[in-house]
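First the structure, in the form of structure tokens, and then the observations on it.
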Amino acid sequence: MKIIIVKDYEKVSDKAFEIMKEVVSGNPEAVLGLATGTTPLGLYARMIADHEENGTSYARVKAANLDEYAGVGKDNPNSYAYFMRKNLFDKIDIKLENAHIENGMALNADAECKRYAELLANMPRDIQVLGIGSNGHIAFNEPGTPFDSVTHTVELAESTVRDNARLFDRIEDVPRKAFTMGLSEIMQAKKILILATGANKADAVYGMIRGEVTEQLPASVLRKHPDCVLICDEAAGSRLKN
Ligand code: PGA
């Protein structure tokens, strides 16, 4: 894994954007694997600014998101579908029918997982953007998820519920179940960009890079990927320095 440590969140976003722009400029039909969460917001802001200022077009780009809360509809402001429209898709020229995410309201969860897994198999990602959980999860693949997993439903770890509570009025409102892309599908992307910022990610980042490759720390699977770049700020990378 290539490791880039920069000063702060803004610099992480700058570097991530540089790599994203290379992919999109090199291939106007690129397939992007995208993530929600606080970490990629700076990257998305730069993509929007670049679209507005330089006309970079996403009209032929396709996107597939990592995960979605179960039982939360796409027009609910807490859904990841809504998050993506608000923070990126509504502000660039991507066609919404080309931007895919699991349907949190699917009545048959198994059928929905199968549908999404088939979709992913037919649209290999050129680049996959990832954040990392403080427990080392990627997407909602919590510790213990098999490396060969495909799209599945998951009970969120208590630490994930606590981490995500900041985005809800009350911790009781955080959904406990979600749909997530599996680890083997994440690994299929041609290039992976994992972003980590803030001191609360330092242990997970250290474990991912220096610990064992183990299903107990899902992000460690990325060490097996031929083209994965970690971009972190000094706080998240603090334990890598010695
Ligand atoms: P965050 O989430 O970007 O909001 O920190 C990352 C994650 O849980 O994968």
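Starting from 1, each residue takes its place in the sequence as its number. Predicted, not measured: the structure shown is a model, and the values here were computed from it.
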Between Tyr80 and Tyr69, is a ring-ring contact (aromatic ring centres under 6.0 Å, His included) present by the stated rule, with each step listed?
CA-CA 7 Å; Tyr80 287 173; Tyr69 288 125; 4.8 Å; yes
Least distance between heavy atoms, Ala219 atom then Ile132 atom
CB-CD1, 3.7 Å
Salt-bridge contact Arg170-Asp173 (side-chain N to carboxylate O under 4.0 Å):
yes
Look at Asp75 together with Arg85 and state whether they make a salt bridge at an N to O cut-off of under 4.0 Å.
yes
Side chain proximity check, Glu102 to Glu112, heavy atoms < 4.5 angstrom
yes
Is the backbone of Lys7 close enough, under 3.5 Å, to the side chain of Asp233 for a donor and an acceptor to pair up by distance?
no
Just jot down the salt bridge (charged side-chain N to carboxylate O under 4.0 Å, His left out) partners of Arg46, sequence neighbours excluded, or say none.
Glu10, Asp14
Between Glu142 and Asn135, do the side chains contain an N or O donor and an N or O acceptor separated by less than 3.5 Å?
yes
Do you see a donor-acceptor pair shorter than 3.5 Å between the side chains of His51 and Ser57?
no
Sub-3.5 Å donor-acceptor pair from the side chain of Tyr58 to the main-chain atoms of Pro28, do we have one?
no
Quick check: are there more than 12 heavy atoms from other residues, nucleotides or ligands sitting under 6.0 Å from CG of Asn54?
yes
Which atoms form the tightest heavy-atom contact between Arg223 and Arg210, and what is the distance?
NH1-N, 4.1 Å
Do Met1 and Ile209 have side chains that approach each other closer than 4.5 Å (heavy atoms only, starting at C-beta)?
yes
Donor-acceptor check, side chain of Thr180 to backbone of Gly182, threshold 3.5 angstrom: yes or no?
no
One pair to check against side-chain contact (heavy atoms from CB on, under 4.5 Å): Val221 and Ile138. What are the steps and the verdict?
CA-CA 10 Å; Val221 75; Ile138 47 176; 4.2 Å; yes
For Asn122 and Glu118, indicate whether the former's side chain and the latter's backbone hold a donor-acceptor pair under 3.5 Å.
yes
Contact check, side chains of Leu230 and Ile4, non-hydrogen atoms, under 4.5 Å:
no
Measure the shortest side-chain to side-chain distance between Pro146 and Glu215 over non-hydrogen atoms and say whether it is less than 4.5 angstrom.
yes
Does Lys21 have more than 12 heavy atoms from other residues, nucleotides or ligands lying within 6.0 Å of its NZ?
yes
Taking every non-hydrogen atom, the tightest pair across Leu88 and Leu34:
CD2-CD1, 3.9 Å
Evaluate Leu240 against Ile3 for side-chain contact (heavy atoms from CB on, under 4.5 Å), listing each step before the verdict.
CA-CA 10 Å; Leu240 298 178; Ile3 301 170; 4.2 Å; yes
With distance as the sole test, does Lys191 use its side chain to make a donor-acceptor pair with the main-chain N or O of Gln128 at under 3.5 Å?
no
Any side-chain heavy atom of Val24 within less than 4.5 Å of one from Met20?
yes
Val229 and Ile192, any side-chain heavy atoms less than 4.5 Å apart
no
Report the C-alpha distance between Met187 and Ser184 in whole Å, list the side-chain angles of each, state the deciding distance to 0.1 Å, and finish with yes or no for side-chain contact (heavy atoms from CB on, under 4.5 Å).
CA-CA 5 Å; Met187 289 291 280; Ser184 73; 5.6 Å; no
Are the side chains of Ser220 and Phe147 in contact, using a 4.5 Å heavy-atom criterion?
yes
Main-chain N/O of Lys74 paired to Ser79 side chain as donor or acceptor, under 3.5 Å
yes
Does Arg125 reach the main-chain N or O of Gln188 with its side chain, forming a donor-acceptor pair under 3.5 Å?
no
Please report the C-alpha distance between Thr36 and Leu66 in whole Å, then the side-chain angles of each, then the deciding distance to 0.1 Å, and finally whether the side-chain contact (heavy atoms from CB on, under 4.5 Å) criterion is met.
CA-CA 8 Å; Thr36 51; Leu66 291 171; over 6 Å; no
